[in-house]
Amino acid sequence: MRTIKLIIEYDGTEYLGWQSQPDGKTIQGILEETLKQITGEKVHVIGSGRTDAGVHALAQVAHFKTESPIDLNSLQRALNSLLPKDILIKRVDEVDRDFHAQKKARSKVYEYRILNQPLRSVFHRQYSWHIPQKLDEEAMSKAALFLIGEHDFSSFRSSGTPTKTPVRKVFRAEWKKDRGGILRFEIEANGFLKQMVRTIVGTLVEVGKGKISPEDFKEILRCKDRKRAGPTAPPHGLFLKEVKY
């Protein structure tokens, strides 16, 4: 039995997220169907974590086990020829049998993109949140610093999420602006709660609009109450950028 690791890029626009569902198209479901065509086996693909409907990935990591003797280059070529054009296998490796894409991950990096200009963009519409109002980038950066460290992130998770603990450790959280006018929020942590990044971004945008202060943001984090936080940012601006092992 071999353990195969995949690095996957995908546009989540047309999918109901990563995890297989009985009544909809998902990344995991498409991958498993395609691998069955190639290997003749029913395989279970395990990702580093779930991405929600409409969320993208630059480098999702997944693994599966197979008895197929197919070589790695042929496997990659076969996958990329059969998969839809919005899913790409960037790399295929054979790894130790005990490798687990989710359990072995040390941290994940997410990036959220905001197009902060008066006019929307035809070309960025599926990959950024358009906010025409000028945002205070300095205030947003100041507020983001309060995220660093180990905290209870109950204020920034969707209600009814079953998790053992809402405590996560954030290693870095920062805003950057590229030459194309896209504001990019990058956050790295040892794990994320459901919709945590999108809720953080939605609340930081409230800071950027001057509706709350950076100190208010700090208090929202401390109070552990989702009702105090801002709206959940739309999914199409979010990218799983990297998984570290």
Side-chain angles (χ1 to χ4, degrees), residues 17-19 48-57 102-103 105-116 128-177 182-244:
W18 166 266
Q19 189 177 18
S48 68
R50 304 172 185 176
T51 53
D52 294 333
V55 174
H56 317 293
Q102 183 180 30
K103 294 177 181 178
R106 293 188 297 107
S107 70
K108 297 176 188 175
V109 181
Y110 276 92
E111 177 182 283
Y112 196 94
R113 301 177 184 178
I114 293 175
L115 180 64
N116 189 207
S128 65
W129 180 13
H130 176 230
I131 300 178
Q133 177 183 340
K134 176 65 176 174
L135 298 175
D136 185 338
E137 298 167 34
E138 184 177 348
M140 293 164 69
S141 293
K142 182 178 178 181
L145 292 176
F146 293 122
L147 296 166
I148 297 173
E150 190 169 80
H151 306 284
D152 182 325
F153 283 93
S154 294
S155 292
F156 300 110
R157 68 170 176 175
S158 59
S159 60
T161 307
T163 52
K164 291 182 180 179
T165 173
V167 175
R168 298 291 186 271
K169 187 174 183 179
V170 172
F171 303 113
R172 58 190 177 92
E174 56 191 354
W175 287 94
K176 299 177 181 178
K177 192 169 188 176
I182 299 288
L183 274 173
R184 299 173 188 262
F185 176 65
E186 194 166 295
I187 183 168
E188 180 179 357
N190 62 355
F192 292 90
L193 304 171
K194 184 175 177 61
Q195 297 187 350
M196 176 175 152
V197 180
R198 291 166 57 197
T199 308
I200 286 172
V201 170
T203 310
L204 287 172
V205 165
E206 297 291 280
V207 175
K209 290 179 176 180
K211 294 183 177 181
I212 61 175
S213 68
E215 289 69 29
D216 293 332
F217 182 88
K218 180 182 180 182
E219 176 59 22
I220 290 169
L221 172 62
R222 188 199 64 80
C223 74
K224 308 170 191 175
D225 182 0
R226 174 64 185 89
K227 295 178 182 178
R228 295 279 301 276
T232 304
H236 60 273
L238 184 60
F239 295 75
L240 174 57
K241 185 175 183 179
E242 185 181 3
V243 185
K244 298 182 180 181

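If you're wondering where the values come from, they're calculated on a predicted model, not measured in any experiment.
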Q.
So, taking the atom named CZ in F217 and the one named CG in L204, what distance separates them when rounded to the nearest 0.5 Å?
A. 4.0 Å
Q) If you measure from CG on L193 to CZ on R226, what distance do you get to the nearest 0.5 Å? A) 12.0 Å
Q.
Around atom NZ of K176, are there more than 12 heavy atoms from other residues, nucleotides or ligands closer than 6.0 Å?
A. no
Q: Step by step, work out the side-chain contact (heavy atoms from CB on, under 4.5 Å) result for I200 and F185.
A: CA-CA 10 Å; I200 286 172; F185 176 65; 4.1 Å; yes
Q. Side chain to side chain donor-acceptor pair (under 3.5 Å) with S107: which of K244, E188, E242?
A. E188
Q: For L135 and V205, run side-chain contact (heavy atoms from CB on, under 4.5 Å): C-alpha distance rounded to whole Å, both residues' side-chain angles, the deciding distance at 0.1 Å, then the answer.
A: CA-CA 7 Å; L135 298 175; V205 165; 4.2 Å; yes
Q) Do L238 and D52 pass the side-chain contact (heavy atoms from CB on, under 4.5 Å) test, and can you show the C-alpha distance, the side-chain angles, and the key distance before you say yes or no? A) CA-CA 10 Å; L238 184 60; D52 294 333; over 6 Å; no
Q: Indicate yes or no: does E219 engage R222 in a salt bridge with an N to O separation below 4.0 Å.
A: yes
Q: Using a strict 4.0 Å threshold on nitrogen-to-oxygen distance, state whether D216 and R228 make a salt bridge.
A: no
**Q.** D225 side-chain N/O to I220 backbone N/O, donor-acceptor pair under 3.5 Å
**A.** no
Q | Parallel, tilted or perpendicular, as decided by the 30° and 60° cut-offs, for the rings of Y110 and F192 | A | perpendicular
(Q) Tell me whether N116 contacts the main-chain N or O of I131 through its side chain, where contact means a donor paired with an acceptor under 3.5 Å. (A) yes
Q: Hey, can you tell me if H56 and F239 have their rings parallel, tilted or perpendicular (30° and 60° cut-offs)?
A: tilted
(Q) Can you tell me how far apart OG (S154) and CE (M196) are? Round to the nearest 0.5 Å. (A) 10.5 Å
Q: Measure the spacing between CZ of R50 and CD of Q102 and express it to the nearest 0.5 Å.
A: 8.0 Å
Q | Salt bridge R172-E174, side-chain N to carboxylate O under 4.0 Å | A | yes
Q | Worked verdict on R184 versus E186 for salt bridge (charged side-chain N to carboxylate O under 4.0 Å, His left out) | A | CA-CA 6 Å; R184 299 173 188 262; E186 194 166 295; over 6 Å; no
Q. Within a radius of less than 6.0 Å around CD of E137, do more than 12 heavy atoms belonging to other residues, nucleotides or ligands occur?
A. yes
Q | Enclosure of K209 NZ (heavy-atom neighbours >12, cutoff 6.0 Å) | A | yes
Q: Carefully, step by step, assess R157 and T199 under the rule side-chain contact (heavy atoms from CB on, under 4.5 Å).
A: CA-CA 7 Å; R157 68 170 176 175; T199 308; over 6 Å; no
Q | From CD1 (I187) to CD (E111), nearest 0.5 Å | A | 12.5 Å
Q: Using the six-membered ring wherever Trp is involved, compare the ring planes of F156 and F153 and label them parallel, tilted or perpendicular (cut-offs 30° and 60°).
A: tilted
(Q) Contact between S155 and T203 at the side-chain level, heavy atoms closer than 4.5 Å - yes or no? (A) no
